[in-house]
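Take a look at this one; I'll ask things after.
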Number of protein chains: 2
Amino acid sequence: MDSDLYEMPGMENARVTIKDVARAAGVSIATASKALNDRGRMTVETRQRIRDVAASLGFMPNAMARALVSQRSFTIGLLTNDTYGRFTLPVAAGLSAALIDCGVSVFLCAFEDDAGQAAINLRSMLEKRVDGLVIAGKRIDRGLPIELPRLPMPVVRVNSLCSDDQIGFVPDDREGALTAVNHLIACRRRRIAHVTGPTSFLAVRLRAEGWEQAVQAAGLPLLDGPQSGDWSEAFGFRSGQQLLAMPPAERPDGVFCGNDQIARGLIDALTVGGLRVPDDVSVVGFDNWEVLAKATRPPLTTIDMGLNELGRQAGSTLLDLVAGKHVEPGVRRLACRLVVRSSCGAQPL
Amino acid sequence: MDSDLYEMPGMENARVTIKDVARAAGVSIATASKALNDRGRMTVETRQRIRDVAASLGFMPNAMARALVSQRSFTIGLLTNDTYGRFTLPVAAGLSAALIDCGVSVFLCAFEDDAGQAAINLRSMLEKRVDGLVIAGKRIDRGLPIELPRLPMPVVRVNSLCSDDQIGFVPDDREGALTAVNHLIACRRRRIAHVTGPTSFLAVRLRAEGWEQAVQAAGLPLLDGPQSGDWSEAFGFRSGQQLLAMPPAERPDGVFCGNDQIARGLIDALTVGGLRVPDDVSVVGFDNWEVLAKATRPPLTTIDMGLNELGRQAGSTLLDLVAGKHVEPGVRRLACRLVVRSSCGAQPL
DNA sequence: CTGAAAGCGCTTACAG
DNA sequence: CTGAAAGCGCTTACAG
């Protein structure tokens, strides 16, 4: 008995269709559709009655049927090779937040750096007719492991390689570095070193530029070029030991680190070696990886790349594109934000 | 000119339909469908010709049209309140891996612990007619912030509260603790302490049980009940300082920590205080949070909860459920795995 | 072996 | 103000 369904208001039954609603309300399917979508014209009473009936039946429109006719799936794909999720998860959170209000859901496709997997996931998104695609990466100078063919839907990139004719959002690494170093300068540091990741990363080169720029603008001595190593605590620790080995007069009194892991290792080494942070040496990190930054002793002052905001902007831009609006191509560099904790000696604001 | 499309083999055009394929191949739509789905009977040549045409046109079946008729969306929803992604991301990776081969994609819905957001996301999944739902949480004794109504699709839980009539996958915390403590015992530790998180967590109580059980089974002294604090390095550090303050004869020579952060803080405190790890005190953690465990000095021996495998099993179980197979209700506790590094003094295997 | 027809659950012109 | 009809892109009995 179909009518049984009508007796269970609490029971969300996925099989209740608009046909059932129309029948129960004594109207045609077309009228039911219009009432529910606030379209067309009809008496307020009719509209309300139909809605009440729909609600009591637990009617939920079938998004796929709707998609088929509207040619919009209300779905987007998030393609990423960041399986660890360090960068992508905050991006995904911002993205979802920007989309959920418009009823758009996101397919998560995380795959290893392997062309086969990437292709499978891409095809899956294409078959699902996503309205748009967000490509999220681990670094701004690498794309996905596959060549994207000319896609029938708009694409937006986040924290990933992006050519001039594409649309992308990345953190402004140079500006972030400037902010970090200026903070060290504001904390009265005069000899500011830079310890960072591999120079093969564009982000490393940009941050180094920011460091150099800020130091020179302040008329401070430019210490030996950035110490470059891998993105690890171990490298930071070793760098800290090297600092300890220097004659005190030559030692930096401030260090801008390329990421939080390096900063943490460096601080640990300094502390073990008897130097005080921030009194003897101030340190700023990069990433604001909270679990690490907060646990550092002392808690780490660092640069937040605003990944969440990057995701949010990517989302609303993608929505614009899907709606057919024109969006100027090119890469947007979003401002980073200084997060003051205790490793610099400044009072948190 | 529609015919233009036929001239662009490289161009993946989402607007090529099965109708275009049929026309180009000179067969009916039904025949084209059968050829592409390997159904029905026809000459091998016909089938191949149709496929070639489809490929040259860049035809991709519209998954939503297909879903509408097959009543299967080939889509599942991953609902989680773990916005940080620490637990959910490995779960999601395992889940996707189990599903992608079957052409099933996953919607990621991460939301804060707030009933409103949860409800919006749930409704969105319902409207999208997901074939099934995975509920992933941050702890095994809490569910989502909303009551799930009787859902019209199967649900599987991971690392989340799960009643006896539901289906869930969680790490076997007690067994993991046993493994950890037995490893300390194998490393010739006799006085084994336990420093862990808040007792309000079921996982904490289960791990404490495992600790107690292993210690007693080995006939070792049961030291003062677990030290309980928050899940932070700071608490671990303070606990380490307390250890240092004890008379050496009373001091534990092994510590099983409730998570990796506590272990790291504790090790740091011991090291700062002049004790050697693992020589004076062996330490085992819990979580195998690699970025932390590997960076600890010395690298941390710890318990891996197998989140990826949890996700994988949840995925294949959900697939069974969707296919109508019977699955015994109840919660499955999956074995944890010891990851040997250097904080215990044993050689990594 | 192949095709015409009905139908999945909706929306949208178009008539009345 | 309301409804019948066509159609979104497929699949699946059912005829031939």
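Within every chain, numbering begins at 1; the chains are lettered A, B, ... in the order of the sequence lines, protein sequences first and strands thereafter.
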I want to check one thing: is the phosphate of dG3(D), taken as OP1 and OP2, less than 4.0 Å away from some side-chain N or O of T31(A)?
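Yes, such a contact exists.
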Phosphate oxygens OP1/OP2 of dG3(D): is one of them under 4.0 Å from a side-chain N or O of S28(A)?
yes
When you match V27(A) and A65(B) each to their closest nucleotide on DNA chain D, which lands nearer the 5' end?
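Going by which nucleotide is closer to the 5' end, it is V27(A).
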Sub-4.5 Å side-chain heavy-atom contact between V106(A) and L99(A):
yes
Starting at CE of M64(A) and ending at C1' of dG7(C), how long is that distance when rounded to a whole Å?
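Atom-to-atom, M64(A) to dG7(C), this comes out as 16 Å.
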What nitrogen or oxygen pairs link the protein and nucleotides 12-16 of chain D at under 3.5 Å?
from, atom 1, to, atom 2, distance (Å)
dT12(D), OP1, R39(B), NH1, 3.0
dT12(D), OP2, R39(B), NH1, 3.4

Side chains of residues 57-64 of chain A: which donor-acceptor partners sit under 3.5 Å, not counting sequence neighbours?
from, atom 1, to, atom 2, distance (Å)
N62(A), OD1, M64(A), N, 2.8
N62(A), OD1, A65(A), N, 3.2

S124(A): which residues meet the side-chain hydrogen bond (donor to acceptor under 3.5 Å, both in side chains) condition with it, sequence neighbours left out?
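Here the qualifying residues are S105(B).
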Just how far, in rounded Å, is P of dC10(C) from CG of L36(A)?
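So the CG-P distance, L36(A) to dC10(C), works out to 9 Å.
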Expressed as a whole number of angstroms, how long is the span from M60(B):CE to dC8(D):C1'?
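In whole Å, dC8(D) C1' lies 19 Å from M60(B) CE.
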Among the nucleotides dG9(C), dT2(D), dC10(D), whichever has the atom closest to the side chain of R129(A) is dC10(D)
Enumerate the ring pair (Phe, Tyr, Trp, His ring centres under 6.0 Å) contacts for residues 86-109 of chain B, please, sequence neighbours excluded, ordered by first and then second residue.
F107(A)-F107(B)
Separation of D20(B) atom CG from dC10(D) atom C1', in whole Å?
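Atom CG in D20(B) sits about 13 Å away from atom C1' in dC10(D).
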Sequence neighbours left out, what passes side-chain contact (heavy atoms from CB on, under 4.5 Å) with R49(B)? Give chain and number order.
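R49(B): side-chain contact (heavy atoms from CB on, under 4.5 Å) contacts with A25(B), V27(B), T46(B).
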Contiguous Watson-Crick or G-U pair runs (3 or more, under 3.5 Å) in DNA chain C
C:1-3 with D:14-16, C:5-12 with D:5-12, C:14-16 with D:1-3
Identified side-chain contact (heavy atoms from CB on, under 4.5 Å) counterpart of N81(A) within the set D113(A), D114(A), I135(A):
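Among D113(A), D114(A), I135(A), the one meeting side-chain contact (heavy atoms from CB on, under 4.5 Å) with N81(A) is D113(A).
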Contact class for R66(B) vs. all strands (heavy atom < 4.0 Å): base, sugar-phosphate, or nothing?
sugar-phosphate
Is the closest basic N to carboxylate O distance between R47(A) and D52(A) below 4.0 Å?
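Judged by the 4.0 Å cut-off on N to carboxylate O distance, R47(A) and D52(A) do not form a salt bridge.
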Rounded distance (Å) that lies between atom C1' of dC10(C) and atom CD of E127(B)
13 Å
Side chain of R41(B) - closest among dC1(C), dC10(C), dC10(D)
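Among the listed nucleotides, the one closest to the side chain of R41(B) is dC1(C).
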Please report the distance, rounded to the nearest Å, between CZ in F74(B) and C1' in dT11(D).
12 Å
Under the criterion side chain to side chain contact (heavy atoms under 4.5 Å, CB included), I'd like the reasoning laid out for K128(B) against F74(A): C-alpha separation, chi angles, the key distance, then a yes or no.
CA-CA 9 Å; K128(B) 253 107 186 182; F74(A) 289 89; 4.0 Å; yes
Just N and O in the side chain of Q71(A): are any of them under 4.0 Å from OP1 or OP2 of dG7(D)?
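It does not, given that no N or O in the side chain of Q71(A) lies less than 4.0 Å from OP1 or OP2 of dG7(D).
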Answer yes or no: are there more than 12 heavy-atom neighbours, outside D165(A) itself, under 6.0 Å from its atom CG?
yes
Go through the side-chain N and O atoms of D82(A) and T80(A) and say whether any donor and acceptor fall under 3.5 Å apart.
no
I need the CD1-P distance between I50(A) and dT2(D), as an integer number of Å.
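Distance, rounded to whole Å: 8 Å.
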Rounded distance (Å) that lies between atom C1' of dC10(C) and atom CZ of F59(A):
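Atom-to-atom, F59(A) to dC10(C), this comes out as 8 Å.
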